[in-house]
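Working notes, structure below.
Throughout, protein chains are lettered first and strands after them, A, B, ... in sequence-line order, and every chain is numbered starting at 1. Computed from a prediction, not measured in an experiment: that's the story for all the values here.
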Protein chains: 2
Amino acid sequence: MAKKSKATIADVARLAGVSTATAGRVLGRYGYTREETREQVLHAARKLGYRTNALARGLITGKTRTIGVVAGDIQNPFYASILRGISDVVESRDFGLLIVNSDENLDKEIRAVNLLMEKQVDGLIVSPCDTRNSRHLRDLQAAGLPLVLLDRSVAGLEVDRVAIDNIAASERAVSALISAGHRRIGLVGEMMEYQEGGLDAFLQRGLAGEVLSTDTLYPSWQRLLGYLRAHRQAGLEIDASLVRRVGAYSAGAAQAVARELLDRSDRPSAVFATDGTMSEGVMGAISAADLSVPREVSLVCFDDLEWMSFLSPGISTMAQPRLSMGETAATMLLERIEGRQEPARAVMMRADFIQRGSIARIS
Amino acid sequence: MAKKSKATIADVARLAGVSTATAGRVLGRYGYTREETREQVLHAARKLGYRTNALARGLITGKTRTIGVVAGDIQNPFYASILRGISDVVESRDFGLLIVNSDENLDKEIRAVNLLMEKQVDGLIVSPCDTRNSRHLRDLQAAGLPLVLLDRSVAGLEVDRVAIDNIAASERAVSALISAGHRRIGLVGEMMEYQEGGLDAFLQRGLAGEVLSTDTLYPSWQRLLGYLRAHRQAGLEIDASLVRRVGAYSAGAAQAVARELLDRSDRPSAVFATDGTMSEGVMGAISAADLSVPREVSLVCFDDLEWMSFLSPGISTMAQPRLSMGETAATMLLERIEGRQEPARAVMMRADFIQRGSIARIS
DNA sequence: CTGAAAGCGCTTACAG
DNA sequence: CTGAAAGCGCTTACAG
């Protein structure tokens, strides 16, 4: 069997005594062939250890059966789970999966998209790191390449996307704290994306109910909006000094910021962390400060990470359906690849609040 | 700029008034061209929004600048970090990365390797799920495709690989418990791979010092060997009933097994978990049983996961250099792809024991 | 330094 | 049902 140096369709055809067209038909499973010739070809192919060259096929058909994903960081559990979801549906359809990290950096994202286009992927899933700067994504559209946006959206780009309703999810999470009696709730958020006038101006506008175009906001900014909304619903004022922007997807940076919050003499009675990485940082700060949850601080996180259920008491958190988000994105993309024509859809998935023991009742 | 339907080298050549060979030379950055023609070509290319078709190039050159990785589960932090390491070096060299999960299942692994071969990757990194059954990996070798094995090795397959010294690392971790006075140490290990006669026979042989061919053993079996060796070094007997085989890479299954261990009236004073997933399971069981670490049970884990430093006290663990393992594997692979000829190397990386607060002193 | 021609390994009409 | 021929979009000798 399995010979050295690759056998081509021509080799197989020669050995089987048929034309390359015929050999191609049986090996590529297209067109009709007599059962008998089919077997001759298959036999020859096996003897030569023939293996399809997907490059040649792709060049001809214009389809590679490979999709590309650009994620922020495959090491981050958020993306790791999403990628697993994508991978599951993609593998079940015999597609390949080309993955590249953007590190939430626009230049890297652009290079990633270029690389993937050169490799002729049939479609792309991207978690765009910039909601405004999107020439590279528009180019994809122009080139007719299917694209699904994950987690974030891009201003004025009408393509399929999957995400959760961040504002509502966050409002729900913060409300859990408020209804337990908390009045001073710290927020530690990544909020990397630039906002006109920075955090202060944003808060201003948010409190005045002015913030428009909320759905092209970055998730963490949206979650801040949810925080504001929960307070407004409850008729509570906000202490702007409790809202802290980390400005980076880094647990270390989040820990430093959280530490400041916890070291204050007028420490908040609870902290809300707006994503998994922030949650790690906040938890690290709480541990380092040797504070007891929920006796000394209450905590609500975002994204359900393994450790949140180990700790006792467990950590209450807003769980995004990461696996299904990935599966859904991949399914939508494959439908487009198969030619489905219909207006762009925005699938908003449901996030569930998992109530564990990290919220103290305050009277 | 950026036009619809893709422009080819021929289009660019026509617009620039040169031959396709010349256009190809500048666009593909090979061969010489006059500065002036170079600019004409570049200008035309920009105007047409030309983008290389890597498929065509790969078909000709026999190189795709893409490598394939088959990992157990990209969602598992162990693999996620390794993949990040691989990805970093691969991206820095402008290679693409095709990733597929094996779920530690031989059939899936074989299909994965086939898929990657058809897509004409330049080389493969695989974490083989079966140390004995390896026809598909030998085929790679026969086809002259560079291969680097990760974490595990395969009997009789002489190829590059990177791993840690599992026996030594595990011995070190267990010794930390022994020297703190522990005499009854439970072990929760995955040990999925089949061993002649099962766990009991393996223990028998291990205790008799009989186990040979240790380096084609699965990591968790090797780590069990380290556990035995630590006991032997200390002149301690082993209670075989404290050694528990989970038989699956599943935190849930590990938790059930750990629970049994912890529910015994003659509960071990400490537990050693042989990998990250087992660690999650054991920690889950400890939490569920509401036991206090290290007062009621001491714990030593394998792999340094985020939560191990959040808990207070922190969890002592043997940390594998996952990121560098990935980087090293990718670097070795790229060297082979570039034609480096030399005997297969086995790079053994150093694992560090991180001492935190989960080990109680017993007098 | 540049061009004409061949070819990588497939698939796709088009005949028969 | 099968074959001869063309062609996908590049790169590679080979001339000039």
Side-chain angles (χ1 to χ4, degrees), chain A residues 3-42 44-45 48-66 115 117-122 143-144, chain B residues 3-42 44-45 48-66 115 117-122 143-144:
Chain A
K3 279 286 176 56
K4 316 208 139 194
S5 62
K6 309 162 189 174
T8 68
I9 274 201
D11 298 327
V12 174
R14 202 173 309 122
L15 182 59
V18 298
S19 70
T20 62
T22 299
R25 280 190 268 260
V26 1
L27 265 13
R29 277 179 276 272
Y30 50 85
Y32 292 87
T33 35
R34 230 180 356 151
E35 181 57 25
E36 198 182 320
T37 44
R38 210 181 90 84
E39 288 185 349
Q40 285 171 64
V41 171
L42 253 22
L48 296 173
Y50 172 79
R51 196 169 255 130
T52 305
N53 182 328
L55 254 39
R57 175 181 290 171
L59 189 55
I60 282 280
T61 61
K63 254 85 195 62
T64 53
R65 294 189 78 80
T66 299
L115 181 78
M117 286 185 81
E118 290 190 353
K119 295 206 184 291
Q120 311 298 123
V121 294
D122 292 337
Chain B
K3 280 286 176 53
K4 316 207 141 198
S5 61
K6 308 162 188 175
T8 68
I9 275 203
D11 299 327
V12 174
R14 202 172 308 124
L15 182 61
V18 298
S19 70
T20 60
T22 299
R25 280 190 269 262
V26 1
L27 265 13
R29 275 179 277 275
Y30 51 85
Y32 293 88
T33 36
R34 231 183 352 157
E35 182 57 24
E36 200 181 319
T37 43
R38 212 182 87 83
E39 288 186 349
Q40 285 172 63
V41 171
L42 254 20
L48 297 175
Y50 173 78
R51 196 169 256 133
T52 303
N53 182 329
L55 253 38
R57 176 180 289 170
L59 190 54
I60 283 280
T61 61
K63 256 85 195 60
T64 52
R65 295 189 79 80
T66 300
L115 182 79
M117 287 186 81
E118 290 190 353
K119 297 207 182 291
Q120 312 298 120
V121 294
D122 292 338

Rounded to whole Å, please give me the gap between [atom1] in [X] and [atom2] in [N].
{"X": "A/Y32", "N": "D/dG3", "atom1": "OH", "atom2": "C1'", "value": "19 Å"}
{"X": "A/L27", "N": "C/dC10", "atom1": "CG", "atom2": "C1'", "value": "11 Å"}
{"X": "B/I60", "N": "C/dA6", "atom1": "CD1", "atom2": "C1'", "value": "9 Å"}
{"X": "B/R14", "N": "C/dG3", "atom1": "CZ", "atom2": "C1'", "value": "16 Å"}

Would you say that A/L55 contacts B/T64 through its side chain, given a criterion of any heavy-atom pair below 4.5 Å between the two side chains?
yes

Can you confirm whether A/K6 sits close enough to A/N53 that some side-chain heavy atom of one is under 4.5 Å from a side-chain heavy atom of the other?
no

Do the side chain of A/R51 and the base of C/dG9 come within less than 3.5 angstrom through a donor-acceptor pair of N or O atoms?
no

Could you tell me whether the phosphate oxygens of [N], OP1 or OP2, come under 4.0 Å of any side-chain nitrogen or oxygen in [X]?
{"X": "B/S19", "N": "C/dG3", "value": "yes"}
{"X": "B/Y50", "N": "D/dC10", "value": "yes"}
{"X": "B/T37", "N": "C/dT2", "value": "yes"}
{"X": "A/Y30", "N": "D/dC1", "value": "no"}
{"X": "B/R25", "N": "C/dT2", "value": "no"}
{"X": "A/T22", "N": "D/dG3", "value": "yes"}
{"X": "A/R34", "N": "D/dC1", "value": "no"}

Within the 3.5 Å criterion, strictly below it, is a donor on B/K119 or A/T66 matched to an acceptor on the partner's side chain?
yes

Suppose we define a pair by two distances each less than 3.5 Å, Watson-Crick or G-U wobble; what does C/dC14 pair with here?
D/dG3

May I ask you to decide if A/T33's main-chain N or O and A/T37's side chain share a donor-acceptor pair within less than 3.5 Å?
no

